[in-house]
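To keep things clear, I will list the structure first and then write my remarks on it.
The chains referred to below are lettered A, B, ... by the order of the sequence lines, with proteins before strands, and numbering in each begins at 1. Keep in mind that what you see is a predicted model, and the values were worked out from it rather than measured.
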Amino acid sequence: METNMQQAPLPARAWSGLSIGRAQWAPWARRIIFFGGLFLTWEMIARAGIWPEYLFPAPSVVIGALANGIGKGLYLTAAWVSLQRIAVGYAISLAIGVALGLLIGRVRALNETLGSLVLGLQALPSVCWLPLAILWMGLSERAIIFVVVMGALFSITLGVEAGVKNTPPQYVKAARVLGARGLALYTEVVLPAALPAILSGLKQGWTFAWRSLMAGELLFYTLSLGNLLQTGRDLNDAAQVMAVMLMIIIVGVTIDQTVFAPLERRVRARWGLNM
Amino acid sequence: METNMQQAPLPARAWSGLSIGRAQWAPWARRIIFFGGLFLTWEMIARAGIWPEYLFPAPSVVIGALANGIGKGLYLTAAWVSLQRIAVGYAISLAIGVALGLLIGRVRALNETLGSLVLGLQALPSVCWLPLAILWMGLSERAIIFVVVMGALFSITLGVEAGVKNTPPQYVKAARVLGARGLALYTEVVLPAALPAILSGLKQGWTFAWRSLMAGELLFYTLSLGNLLQTGRDLNDAAQVMAVMLMIIIVGVTIDQTVFAPLERRVRARWGLNM
Amino acid sequence: MMTDVMTKTDAPILRLEGVSKTFNGQNGAVEALQPLSLDVRAGEFVCLLGPSGCGKSTLLNLIAGLERPTTGDVFANGRPVVGPGADRVLMFQDGALFPWLNVRANVEFGLRQTGLPKRERAGAAQRWIDAVHLTGFERSFVHELSGGMRQRVAIARALAIDPAILLMDEPFGALDAMTRDLMHRELESIWQSTRKTVLFVTHNVREAVALGDRVLVFAARPGRIVAEFRIDLPRPRSLEDHALVDQARRITAVLREAGANSNHSAARPGEPG
Amino acid sequence: MMTDVMTKTDAPILRLEGVSKTFNGQNGAVEALQPLSLDVRAGEFVCLLGPSGCGKSTLLNLIAGLERPTTGDVFANGRPVVGPGADRVLMFQDGALFPWLNVRANVEFGLRQTGLPKRERAGAAQRWIDAVHLTGFERSFVHELSGGMRQRVAIARALAIDPAILLMDEPFGALDAMTRDLMHRELESIWQSTRKTVLFVTHNVREAVALGDRVLVFAARPGRIVAEFRIDLPRPRSLEDHALVDQARRITAVLREAGANSNHSAARPGEPG
Amino acid sequence: GAPGPSGGPANESAGTPLTVRLGYFPNVTHAVAVVGVARGTFAAALAPTATLEVKTFNAGPSLIEALFAGEIDIGYIGPNPAINGYVKSKGEALRIVAGAASGGALFIVRPDANIKTPADLDGKKLATPQLGNTQDVALRHYLLARGLNTIERGGAVQIIPTQNADILTLFRQGGIDGAWAPEPWASRLILEGNGKVFLDERDLWPGGRFVTTHVIVSARFLTAHPDGIKAFLRAHVETVQFINANLDEAKKIINEEIERITTRGLPEAVLDKSFETLDITYDPVQSSLFTSAEYAFALGFLGDAQPDLSGIYDLTLLNDVLAEKGLAAVTGTGQ
Ligand SMILES: Nc1ncnc2c1ncn2[C@@H]1O[C@H](COP(=O)(O)OP(=O)(O)OP(=O)(O)O)[C@@H](O)[C@H]1O
Ligand SMILES: Nc1ncnc2c1ncn2[C@@H]1O[C@H](COP(=O)(O)OP(=O)(O)OP(=O)(O)O)[C@@H](O)[C@H]1O
Ligand SMILES: [Mg+2]
Ligand SMILES: [Mg+2]
């Protein structure tokens, strides 16, 4: 049996090495073609002159603005400031949101009360939180982070709640008869069983953290993406607005590709969800 | 055998009627206690005078403002206008988002390209869409609805995508060997299998439709919740801001309780997800 | 046909008093179990036989504490059952393995709940993985296993936590004859050395006779016990033993009648297709 | 030990040429099937026996077109298999019923894909529901059924679409003896009246002998066919028939050896617990 | 700057040096604040008893909220938010202690909209920055006075309150025919949107003066630290004088500051044009505030009862400072 077990792995490993190599390049090629095509189309539409350039600039103009902003060091500093805020805000939302989502998803009385409230609160635009942020946190970083948390928290909560609610009951039953109780039941069964679904909630939460950050950064002037965006808009500088949009999209796609997508892929492979 | 089958149902139906009656009241009692307690706490904090009333009004003041606004017919007209917009915007987002989510969730090449883009686009605050809305739609209802769609669409897409990706592959395999192909595979298997997860995406999408509506309505002034909110803030009328927030929460909770929650309950019962 | 359930002199480890269960489904109510009383002595090996849908799984769920009876009470060790307990472990018909854990972690799951130190846990888990012949698959995930292998992991997982009462729902259904044979011997020796109490659901009459001290035969719609057999054959028993085969044949006859009394008596439908 | 797979004079409905499958799991690669060639005549009833994890389900998956072979090719009706087709239907080991559909809709599922009119669909579905003795449960949902009932729904669902090749993965594993008996007769009569080609995985040697024209015995790790038996006993066959029992005994011996040659030869682990 | 230790609404704790927290917009209408901060005039005037801390905002509501929350003590702000803040806090939160700018609002029209006389405005689409703000009220009052009715009142003129940035977009696109906008938007409508001046709002006011920017102070801070405010106002008046005496240098400072804070300066032409209609002054032009409030009330913007604005001004400190410097006092207190 020992020999039987060892016989197979050798050729297969070489094989899997190959196929991973292949699998890693194809997506990037696709991505490059896709985004390249997108930019090309955009450029062509912009050049066709259907819309005035000051409203619908070509990507070359936008990238020029971006390069200029980055060259002056402004955009990178701004992005760095914003990234720090979003990191902190997202981390806080994550911690509270996961706990809250677990509770709401599994405790029926909480679901009926707090759950509805969360859904209501989530519908509130970030601008509603600005006065309270100033009132409770003062004119400080904390106020901005508060706005980020208010924007992302409920989204994460709802995502976790949904994941947890849709946990196949069979797993919970199995865990209960095996002696899992209280917290362990949540952390060792409900949470991992729901992880594929929860991950999508976290992804949504991440994007809403961005949205709220852009609103929160308008509380007062600091060099940040939110203010660059607003300044661009105030000056009717479509190129700057789009450059900031591009930065948000690039950061978003990068985070997706380096954090969420691999995580999701691994989780799904492990959970046997790939077809 | 006939008699055996008919024997059981009789007592059980009476029984289930009873338990439904019981089950329907308890949640409402809990909800009333919960929200009642919430308002009481809020009132007490506000009355304690830690924060100035013009920044942190008591619920009684807010409800006064609400009653006044409703009494004058303003709030209801505004809510009606906003509700119509959100209904249209949400319906459009739903149709496109479900289709897009299905595609992204199941077609790998699309996932790697369009999927990332959606994630990036979702991170954009609604304010980014305002100039493009004016550019493409002009000063019309369509511009506002465009903003709503841009706000909710990607959230719904991501929700559907996640649900679809996490479809147990066993179901798809079974459907394929039973002859399901192409569209039928999606509409008859992937979509229903993912429905519990998709519902949560739709719920999130609904709340983000609200957020975007509030931003979109600022495009130009019309009597609407978004403008009442902004006017409230411009006038430093905290009571009005909170009254509008309250309206949003109330509408949100109502929609949750009358549309999403029962839908979710039914789906989960049918899918056997209740424990 | 219904024989009275006998009571033992020693206190039963498991006692069911007028336990019944009715489900309210989309299809109206289904009386899964009619009121039923049953005593099980500590160390007894009870096999449950019966047509599909007669309430065997439901009964195990009630004893495990996963479902509450519609009427009646379940007592384990004299205490009423209000939920799952470490004294009773249920092995599910479909395995219900955790897909996010590999084989080793699945087997260790119950042990981790008891707070057993890591080293001992690993040792115990490995012993059970070896016992179900999955050595070398410790790090595989559930979806990488065959049907029979999954069932074996489920068995190892249930046995690893060493409960007083083992509730096994068709545990050997997906096993090949040889593994099944091995598992019979394994289970019997565990049972004999630890004097566990076992409730064992199976569709295999000979398996029931080979393993059980007592065999309960259920009928369906509504679910109820229609017969009870004591098996006094000496152990270890062989599936080929004449006395065993005879006993099995008698039970099969009763079972057939139980089936005939429930829905199988329906006229055979016309040949479809 | 390995006997050559025989070729028939009439064109085989199913032909496997050097088909092998290796999985790359978290635990390294597993060679589920060594290169294997096999011809199946139209109308043949082939039973697959073998220890757990020897690649039986994998083989059916390959034929169904759900997995692509690592090497080799599968031909159905002379055309290479590149995906699932209406000519081959696979019944899964775990049923894989759709929880959002009730019993009737599950059975109708395949028929709906063929575009059969509603009325005919309902009629055919009802016939099959009756055939698996689930009359009265048409509107129940999957989670409201017992394990055996689910298996029966899966059987009805697969048979309803009337494919030329039926791939059945332990279809009767969760059935009680009597239903199993009925289903045997049902399946045999369907097979005889429609001359379907059946590949049937089971762990029950007597079942294999009772149903099959041919019985293939697999060994595990790596998965391969180690023996092949033609069963020429007259039909209908009885499980109690002497010739059948003898044949089964011979196959069991081979099977035991096949098992012994794969991982069961590992030293029995120490008594745990 | 680094967040100061001065939390809470107070600053009342004696002993520790006083921190004066100033809020303003990096904008041409806030020129006094921008220049005063940049040249260190405020900080110098407050030293050594108090230090200056600045926060810059981009919208009125945030600044007022910060003042309400006790996060800033002094602010530069337009008449609308000042009135709203005063009314909403029932006169508790703030006082206007000086003016900072006058003028700087123009009615710009598109050349191809063919608007020559007020009568041509009928049936046109006109934009204002915000429903009920100074420009919105001015436009509505202007129309009403000329017998033109808006759509809401059964007329044909459509007024579209929309954000300044969108006004420019719509103007360029031809989505609107004209806009009543403050500087620097008015200048940008002219320079970037090719707009024509239909009316300079100064022409509507006696002496061509109407308030555009104020200095407001938290009422509590004013009571607790009148000396600090006085010192600040001294610097304020000096800065006004400096700007008026050195307009070119001031413009340069302003644009540098705007660029420093928002990363982007204004085009020089826009800046120059803005200062053509904008007057930098410490006079709060009280009468214009009251008049504008009356118009607003008549148009239904200030609620059901005419708000009592009598206590909104506290100009004694400003007049003290003016007296010190031998300048004429600002007049016209009360209605
Ligand atoms: N997706 C997979 N990834 C990795 N290994 C797999 C995968 N699927 C199957 N295997 C391995 O392939 C081998 C054969 O599996 P298969 O399911 O075909 O066995 P089987 O003969 O059907 O067994 P059983 O009788 O227990 O159902 C097993 O060793 C299993 O671990
Ligand atoms: N959640 C449920 N809702 C409604 N009916 C149910 C539910 N669970 C079980 N039933 C019904 O109860 C009856 C008994 O089911 P049970 O699973 O106990 O049968 P079983 O004896 O284990 O059968 P099998 O041998 O097929 O596993 C069946 O008729 C089934 O349809
Ligand atoms: Mg069962
Ligand atoms: Mg298998």
Using a cut-off of under 4.5 Å for heavy-atom pairs, which of [options] has the most such pairs with chain A?
{"options": "B:L213, B:I250, B:L158", "answer": "B:L158"}
{"options": "B:G272, B:G115, B:A261, B:P196", "answer": "B:P196"}
{"options": "B:S155, B:A197, B:A162", "answer": "B:S155"}
{"options": "B:N111, B:L132, B:V241", "answer": "B:L132"}
{"options": "B:R31, B:E264, B:Q204", "answer": "B:Q204"}
{"options": "B:G159, B:A109, B:P125, B:S212", "answer": "B:P125"}

Which atoms of A:L114 come close to chain B, meaning under 4.5 Å heavy atom to heavy atom: side chain ones, backbone ones, both, or neither?
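Both backbone and side chain.
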
Quick one: what part of A:L135 sits under 4.5 Å from any heavy atom of chain B, side chain, backbone, both or neither?
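Both parts, backbone and side chain.
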
Hey, can you tell me if [X] and [Y] have their rings parallel, tilted or perpendicular (30° and 60° cut-offs)?
{"X": "B:F260", "Y": "B:Y90", "value": "perpendicular"}
{"X": "B:F39", "Y": "B:W42", "value": "tilted"}
{"X": "B:W136", "Y": "A:W51", "value": "tilted"}

I'd like to know if the side chain of B:R211 reaches the main chain of A:Q122, judged simply by a donor and an acceptor atom lying under 3.5 Å from each other, with no hydrogens or angles considered.
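Yes, because the side chain of B:R211 sits within donor-acceptor range (under 3.5 Å) of the backbone of A:Q122.
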
Identify the heavy atoms of A:P192 and A:Y186 that sit nearest to each other, and give their distance.
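Taking every non-hydrogen atom into account, CD-O, 4.1 Å.
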
Looking only at the aromatic ring of each residue, does the gap between the centers of B:F208 and A:F208 stay below 6.0 angstrom?
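Distance test on ring centres: under 6.0 Å, yes.
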
Tell me, out of [options], who's got the most heavy-atom pairs with chain B below 4.5 Å.
{"options": "A:L124, A:I248, A:V253", "result": "A:L124"}
{"options": "A:R233, A:M214, A:K165", "result": "A:K165"}
{"options": "A:I134, A:V244, A:L130, A:V118", "result": "A:L130"}
{"options": "A:Q230, A:M242, A:K203", "result": "A:K203"}

Are B:F154 and A:T207 side-chain neighbours, meaning at least one heavy-atom pair lies under 4.5 Å?
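No, every pair of side-chain atoms sits at 4.5 Å or beyond.
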
Can you check whether A:N166 reaches B:W271 side chain to side chain, under 4.5 Å on heavy atoms?
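Not in contact.
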
